[in-house]
2 protein chains.
Amino acid sequence: MIKCIRCSHVHAITKSGIVRGKQRYYCKDCNIYFTLPGETEAEIPQLKKHMTTIVDIAKALNISKSTVSRALHEHGDINPQTRAAVLEMARQLDYQPNLLAQSLVKSKSNTIGIIVPEFLTYFFPTIIMGAQQVAEQAGYNVIICQSQESYKTEVANANVLLANRVDGVLISMTKETKKFDHFKAFERHGIPVVFFNRICDEMDTSRVLVNDYEGALKAVEHLIKNGYRNIAHIGGPPALLITHNRLNGYRDALEKHKLPFKKELVVHCDLSKKDAIHCAEKLLNLKHKPDAVFCVNDPVAIQLMLVAKKRKIDIPSELGIVGFSNDPISEVIEPALTTVQQPVADIGRSAAGILLEVIKKGGDGVPVHQSLKTTLIVRESSGR
Amino acid sequence: MIKCIRCSHVHAITKSGIVRGKQRYYCKDCNIYFTLPGETEAEIPQLKKHMTTIVDIAKALNISKSTVSRALHEHGDINPQTRAAVLEMARQLDYQPNLLAQSLVKSKSNTIGIIVPEFLTYFFPTIIMGAQQVAEQAGYNVIICQSQESYKTEVANANVLLANRVDGVLISMTKETKKFDHFKAFERHGIPVVFFNRICDEMDTSRVLVNDYEGALKAVEHLIKNGYRNIAHIGGPPALLITHNRLNGYRDALEKHKLPFKKELVVHCDLSKKDAIHCAEKLLNLKHKPDAVFCVNDPVAIQLMLVAKKRKIDIPSELGIVGFSNDPISEVIEPALTTVQQPVADIGRSAAGILLEVIKKGGDGVPVHQSLKTTLIVRESSGR
DNA sequence: TTGAAAGCGCTAACAC
DNA sequence: GTGTTAGCGCTTTCAA
């Protein structure tokens with residue numbers, strides 16, 4: 001019978017491959033691998049090392065594990081000497097608290113989840129970064145999920161977060177999400193949710209937005225002031241609130257300056273590159289071509305710009321373009337793109353801040369609706 | 001004495017705010033909030049709902065929790081009827097398995113960690129996306145950490161992952177990491193590690209790279225073939241392996257074509273925008289200006305391009321430029337940037353695949369060193 | 001100030 | 001085929 005070199009049990013031993021010509025054993029109890037000494041020279045027992053626990057520390061110090069736990073947490077009354085000894089031993093044994101166990105007993109994972117449609121194009125990564133900064137500072141981990149703009153994936157994401165018992169969730173929805181049961185599940189389980197950028201209007205949760213309406217208004221007014229008169233709009237997917245807000249800003253700017261709102265000058269883009277090109281072509285194929293376009297975001301504006309260039313339409317003299325969100329590309333492309341800047345990282349920071357606040361307070365209080373300011377950045381694509 | 005409406009205990013009750021004019025109580029045992037009925041009309045007890053566990057299902061069905069567990073996992077012998085009943089009840093009670101508890105008992109979190117220097121610029125997000133795809137498919141969660149190019153943060157990241165008992169880690173190092181104890185800690189605890197892109201040469205782990213040397217060689221040969229003769233190189237931070245490999249490719253291309261290697265034509269950039277500009281200026285201020293530059297990556301190449309444009313240096317006739325990595329900006333900027341394409345998403349996919357393999361096999365076997373192919377994409381910035 | 005014991009939600013022997 | 005039991009690593013009463 002093979003005895004485990006650690007716990008000396010014999011019942012949990014299985015063979016597990018051959019290493020350096022020697023039979024290797026595995027102890028399921030201790031979760032270690034080892035070979036028996038003696039047969040060859042100088043072999044270190046190949047431990048898949050058992051991570052040290054508070055029990056290990058307790059045994060080493062001949063005290064109880066509760067004392068160790070207290071010492072580790074500066075918990076109430078504890079003899080300073082005991083505490084020092086525990087801390088020192090923890091260091092020596094390379095102790096790492098098991099967060100999984102802690103979470104289990106405390107019913108609190110110190111983790112928040114984030115669901116975004118994608119994180120490849122500057123916008124969402126930056127938001128996530130902001131959120132992560134705030135979360136980390138408060139001792140929270142972050143699990144990031146990409147829904148890939150797919151409702152089905154989004155539902156799966158929600159389940160993963162639920163199963164991981166996150167303490168709260170930050171969400172920016174898919175453009176195709178129309179049912180919200182997977183989000184409401186969080187509420188049912190008392191897990192607070194904060195929406196950002198792409199809001200679920202059906203749920204009464206906190207939310208962080210930028211002032212899309214005002215940003216759009218300013219953008220279009222800027223075009224009007226620069227002499228453009230036949231201004232078109234490439235909007236986003238109809239399901240998104242930002243689409244409506246930006247569209248409304250566009251419409252009201254026209255109205256304010258007594259320009260007609262023409263239905264054929266408004267097209268909706270699903271935000272894919274392909275559809276952006278398609279929308280651009282649609283507008284530029286119009287009999288009465290627009291002399292300027294306000295685009296729902298920068299990537300779309302950039303595709304429009306490329307299409308226009310291909311057709312030798314001069315920007316900005318023949319066609320003025322304004323985008324939205326100040327993507328890094330916008331200041332590098334030629335002509336540089338006029339755009340509405342949003343405080344992207346702040347969206348993340350703000351959303352995370354609100355969420356942590358709600359978590360701390362235990363889910364009560366009135367939902368916060370935050371609207372961050374936008375700024376028009378005038379570059380070359382809109383000035384003639 | 002207030003009794004909990006769920007467990008009827010009195011010892012774990014605390015007051016917790018006032019809701020709709022009524023005192024709200026909290027039961028620590030059941031983790032629910034409630035108000036007492038009767039005082040006002042029609043109030044739903046404000047539950048912070050206890051999530052259903054297998055015990056709840058067991059009680060509802062009057063069977064044991066082990067049976068429930070087995071039913072949920074198609075585990076060996078189980079009466080199909082019992083199984084069906086359990087599944088149905090699980091659905092009814094909106095059961096979500098507690099992954100934390102599962103992980104704890106199985107000593108396996110089904111989570112892998114990723115440490116990257118940043119994820120704002122296309123490259124790392126794309127890798128992460130690739131890795132996440134593979135991981136998710138295998139039922140693994142992913143915790144993403146950003147070291148922000150800071151050694152200290154990287155050490156903290158490593159501890160977070162350790163504390164979360166991840167089953168494996170994917171790492172791309174900081175440019176300033178010179179000590180590797182925080183990585184070796186993973187090995188000590190039997191947690192497999194795969195490096196990608198930015199390798200730790202001191203550790204004998206699996207790694208995924210692209211063929212930087214060959215990519216650089218092809219890039220510089222391409223410049224030579226196009227008639228450039230005084231070719232400079234903006235390299236990366238000396239600590240990184242990619243820096244050396246790309247530099248060697250550059251050097252060997254020159255040598256192969258009997259061009260002299262001039263020390264003053266090689267500068268090292270820390271990859272920040274600021275330093276990129278600085279390096280660009282340094283090269284363009286040279287008495288004997290380079291007629292072409294091979295850059296360690298696209299963001300650097302783009303900064304160089306902007307500096308050159310500002311100085312009215314024509315690209316490509318006066319200055320040829322080649323970048324590395326095929327950033328989306330590179331095909332949008334004018335002139336479009338010639339660059340060495342790497343299969344970015346594949347790096348992530350491949351690294352994750354190798355990691356999962358190692359996890360499955362239990363940490364044995366020879367480390368895999370994988371080198372992915374690069375392709376030169378010729379655009380306008382290098383052809384005269 | 002410390003230890004013993006219970007239990008977070010779950011899995012996995014081992015009996016029956 | 002199902003129930004009983006022990007325990008993953010930890011926190012937190014309660015009693016000493």
Side-chain angles (χ1 to χ4, degrees), chain A residues 7 9 11-14 27-31 50-59 61-86 90 93 95-110 162-165 189, chain B residues 7 9-14 28-31 50-59 61-86 90 93 95-110 162-165 189:
Chain A
C7 65
H9 292 168
H11 65 275
I13 306 299
T14 52
C27 173
K28 221 166 186 178
D29 275 357
C30 305
N31 198 25
H50 150 92
M51 296 194 84
T52 80
T53 69
I54 53 170
V55 175
D56 297 322
I57 299 178
K59 277 187 189 156
L61 257 31
N62 227 319
I63 56 179
S64 82
K65 61 176 179 175
S66 6
T67 306
V68 174
S69 175
R70 274 188 290 254
L72 255 18
H73 294 289
E74 337 198 359
H75 230 321
D77 298 326
I78 180 112
N79 184 327
Q81 282 171 25
T82 319
R83 188 170 134 67
V86 167
L93 297 182
Y95 171 74
Q96 293 281 351
N98 186 328
L99 257 43
L100 298 165
Q102 274 179 193
S103 302
L104 185 61
V105 57
K106 294 223 230 168
S107 294
K108 179 145 193 346
S109 61
N110 272 283
L162 225 38
N164 278 285
R165 298 296 189 268
H189 295 298
Chain B
C7 65
H9 291 167
V10 296
H11 64 273
I13 307 298
T14 52
K28 223 168 185 177
D29 274 357
C30 305
N31 197 25
H50 151 90
M51 295 193 85
T52 79
T53 69
I54 53 170
V55 175
D56 297 322
I57 300 177
K59 277 187 190 156
L61 257 30
N62 227 320
I63 56 178
S64 83
K65 62 177 179 173
S66 13
T67 305
V68 175
S69 175
R70 274 187 290 255
L72 255 18
H73 294 288
E74 337 199 359
H75 230 324
D77 298 327
I78 180 106
N79 185 324
Q81 282 172 25
T82 319
R83 189 170 132 67
V86 167
L93 298 182
Y95 170 73
Q96 293 282 350
N98 186 329
L99 257 43
L100 297 165
Q102 274 181 192
S103 301
L104 185 60
V105 56
K106 294 224 233 171
S107 295
K108 180 145 191 348
S109 61
N110 273 284
L162 225 39
N164 278 284
R165 299 295 188 269
H189 295 299

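Throughout, a chain's letter reflects where its sequence line sits, starting with A, and its residues are numbered from 1.
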Problem set entry | Nearest non-hydrogen partners of Q102(B) and P97(B), listed with the distance | OE1-CB, 3.7 Å
For this session: Identify the heavy atoms of Y95(A) and I54(A) that sit nearest to each other, and give their distance.
Result: OH-CG2, 3.5 Å
For this session: Compare side-chain N and O positions of S69(B) against OP1 and OP2 of dT11(C) and report whether any pair is under 4.0 Å apart.
Result: yes
For this session: Report yes if at least one side-chain N or O of Q102(B) is closer than 4.0 Å to OP1 or OP2 of dG9(C); otherwise report no.
Result: no
What is the distance, rounded to the nearest whole Å, between atom [atom1] of [X] and atom [atom2] of [N]?
X       : N       : atom1 : atom2 : value
Q96(A)  : dC10(D) : CD    : P     : 11 Å
N98(B)  : dC8(C)  : CG    : P     : 12 Å
L99(A)  : dT11(D) : CG    : C1'   : 13 Å
L100(B) : dT11(D) : CG    : C1'   : 15 Å
L104(A) : dT12(D) : CG    : P     : 13 Å
I54(B)  : dC10(C) : CD1   : C1'   : 5 Å
K59(A)  : dG9(D)  : NZ    : C1'   : 13 Å
E74(A)  : dT1(C)  : CD    : P     : 15 Å

Exercise. Of all residues at least two apart in sequence or in a different chain, which pass the salt bridge (charged side-chain N to carboxylate O under 4.0 Å, His left out) check with K106(B)?
Worked result: none
Rounded to the nearest 0.5 Å, what separates atom [atom1] in [X] from atom [atom2] in [Y]?
X      : Y       : atom1 : atom2 : value
M51(B) : R165(A) : CE    : CZ    : 4.0 Å
K59(B) : I57(B)  : NZ    : CD1   : 12.5 Å
N98(B) : S103(A) : CG    : OG    : 9.0 Å

Show the distances under 3.5 angstrom between N or O atoms of the protein and N or O atoms of nucleotides 2-6 of chain C.
unit_1	atom_1	unit_2	atom_2	d
dT2(C)	OP1	T82(A)	OG1	2.6
dT2(C)	OP2	N79(A)	N	2.9
dT2(C)	OP2	T82(A)	OG1	3.4
dG3(C)	OP2	S64(A)	N	2.9
dG3(C)	OP2	S64(A)	OG	3.1
dG3(C)	OP2	T67(A)	OG1	2.3
dG3(C)	N7	R70(A)	NH2	2.8
dG3(C)	O6	R70(A)	NH1	3.1
dA4(C)	N7	S66(A)	OG	3.3
dA4(C)	N6	S66(A)	OG	3.1

